[in-house]
Amino acid sequence: MSTSGTPQFRYTQTPSKVLHLRNLPWECAEEELIELCKPFGKIVNTKCNVGANRNQAFVEFSDLNQAINMVSYYASSSEPAQVRGKTVYIQYSNRHEIVNNKSPGDVPGNVLLVTIEGVEAGDVSIDVIHLVFSAFGFVHKIATFEKAAGFQALIQFSDAVTASMARNAYLLPENVGSCNLRISYSAHTDLNIKFQSHRSRDYTNPLLPVNPTAIEGIMQPTVGPDGKRKELESNVLLASIENMQYAVTVDVIHTVFSAFGTVQKIAIFEKNGQTQALVQYPDLNTAAVAREALEGHCIYDGGYCKLHLSYSRHTDLNVKAYSDKSRDYTIPDASLLAAQQVSGYPPPPGAWQNPQAAPMYHGNEYSGAASVQAQAPPGPPGQSPSWDPAMQAGISTFGSAPSTFPGQPYQASSGPVYASAAMPAGSSPLQSGPTSSGMGSRGMSQPGVPPNVRPGGGASSPGVRPPGASPSYYGQ
DNA sequence: AGCACA
């Protein structure tokens, strides 16, 4: 019964890979603990400023023997362990791992991240979520989305106190058992809600426009004649890229999809190890045409980078204007910047500016394959006017006999031939005329290192910690 | 100088 009979601080403690450090100097920093302990092994976790005086700490080694080494070293050393000249007392902790080094989701905030397991986006109405969480206080905003973890909702309250009340209520056992709800804190403080829709609400701003393409989502899901849920159309396509042997950059996506109309925004991301891209057109028709034309086709010859297209639930992508993984071409400055940086050429001379294909082109004459065919001669719809005509001569030769170009900076085998591969023979607007050549010439620069990719980026990325940097001990 | 806290 009573294990508390023997005081824990006797010298009879069982070894633990967690050490308890006492008599630390005021506000002892994690770095100072690490300095002291890392000669004995790999430190995998710490907890600082513990105890009433905040002068205690815990350090967890990856291996028990490392902790034993440290304790026994200082047990027999003439020099005591010291931090800032102050003697530090070291003993085994009575726990075997440091828990509760708060994960980000446990850091309180005014926005909750709610994960509802075992349901799809269509199964839970945002109104129900609103109703339920309004019990704890005014709900400012809600954004819902689907992630690998399941259906999730971000719920914004006025403050962290209100949010924690909601969270704590659902941590009660009876609730945990009855519904598959997991709640953590989001790092967000203010959600960016663009529209009132079936996926997001801003209750502080009832005048916020209703997203027109989201209205049907508020109603019941569309059901086809076979009783299956019909795929909702969208102006945004979701492209899954299969067999991705070559890098598919924003520029490649832009080139391919621009053949059917103005590409407004692009976002590239990974999902379940597969690269996907969201491509936003101004309207449903353009997206439908692109989808029809590109589905199942490969960006590169040889079955590489095969595209599978579906309609996204998104209607307006929220992307960074210019990054490795995203582009917003609707921002005039950014698209200009992008065109220049991407092409690597100086801005196109005025003579090559097709007035119908100016960067701000938002028209939609190309709403069907037939009309596209009919209009083939005038030039690429919504196409960037920055094609270098000098590049066009080489492209077909490059595709068929690349080895005859010794000066070609790119590997022959990686030469993109999506002028032929990605474009359906019969229905493509790219089949003839300057467009297909343009596709090729633009694509030609892709397998190499585009100007917007930093070759050394990996080495200097934040993921790699320089030796001596504060958190470097995690890697030993 | 003697064990963290959702």
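Keep in mind that the numbers below use all heavy atoms, side chains included, and drop hydrogens, waters and symmetry copies. Per chain, numbering begins at 1; letters A, B, ... match sequence-line order.
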What is the separation between atom [atom1] on [X] and atom [atom2] on [N], rounded to the nearest whole Å?
{"X": "Leu112(A)", "N": "dA6(B)", "atom1": "CG", "atom2": "P", "value": "16 Å"}
{"X": "Glu97(A)", "N": "dC5(B)", "atom1": "CD", "atom2": "C1'", "value": "14 Å"}
{"X": "His20(A)", "N": "dG2(B)", "atom1": "NE2", "atom2": "P", "value": "8 Å"}
{"X": "Leu21(A)", "N": "dG2(B)", "atom1": "CG", "atom2": "C1'", "value": "12 Å"}
{"X": "Leu24(A)", "N": "dA4(B)", "atom1": "CG", "atom2": "P", "value": "15 Å"}
{"X": "Phe58(A)", "N": "dC5(B)", "atom1": "CZ", "atom2": "C1'", "value": "11 Å"}
{"X": "Leu33(A)", "N": "dA4(B)", "atom1": "CG", "atom2": "C1'", "value": "14 Å"}
{"X": "Asn53(A)", "N": "dC3(B)", "atom1": "CG", "atom2": "P", "value": "11 Å"}

- Just jot down the side chain to side chain donor-acceptor pair (under 3.5 Å) partners of Asn243(A), sequence neighbours excluded, or say none. Gln245(A)
- Query: 5'-most contact on DNA chain B: Gly51(A) or Asn55(A), nearest heavy atom basis?
  - Reply: Asn55(A)
- Item | Val18(A) vs Lys86(A), nearer the 5' end of DNA chain B by closest nucleotide | Lys86(A)
- Query: Can you name the nearest heavy-atom pair linking Ala57(A) to Cys48(A), along with the distance?
  - Reply: CB-CA, 4.1 Å
- Assign the ring pair Phe133(A) / Phe157(A) to parallel, tilted or perpendicular, where the plane angle (0 to 90°) is split at 30° and 60°. tilted
- Item | N or O in side chain of Arg22(A) less than 4.0 angstrom from dC3(B) OP1/OP2 | no
- Item | Phosphate OP1/OP2 of dG2(B) contacted by Gln56(A) side-chain N/O (<4.0 Å) | yes
- Answer yes or no: is there a donor N or O on one side and an acceptor on the other, between the side chain of Asn23(A) and the main chain of Tyr89(A), under 3.5 Å? no
Name the closest nucleotide to the [X] side chain, picking from [options].
{"X": "Gln91(A)", "options": "dG2(B), dC5(B), dA6(B)", "answer": "dG2(B)"}
{"X": "Lys47(A)", "options": "dG2(B), dC3(B), dA4(B)", "answer": "dA4(B)"}
{"X": "Arg167(A)", "options": "dA6(B), dG2(B), dA4(B)", "answer": "dA6(B)"}

- Query: For Tyr92(A), which contact category applies under a 4.0 Å heavy-atom criterion: base, sugar-phosphate, or nothing?
  - Reply: base
- dG2(B) pyrimidine/purine six-ring stacking with Tyr89(A), under 5.5 Å and 30°: no
- Does Arg327(A) make a cation-pi contact with Tyr322(A) (under 6.0 Å, within 45 degrees of the axis)? yes
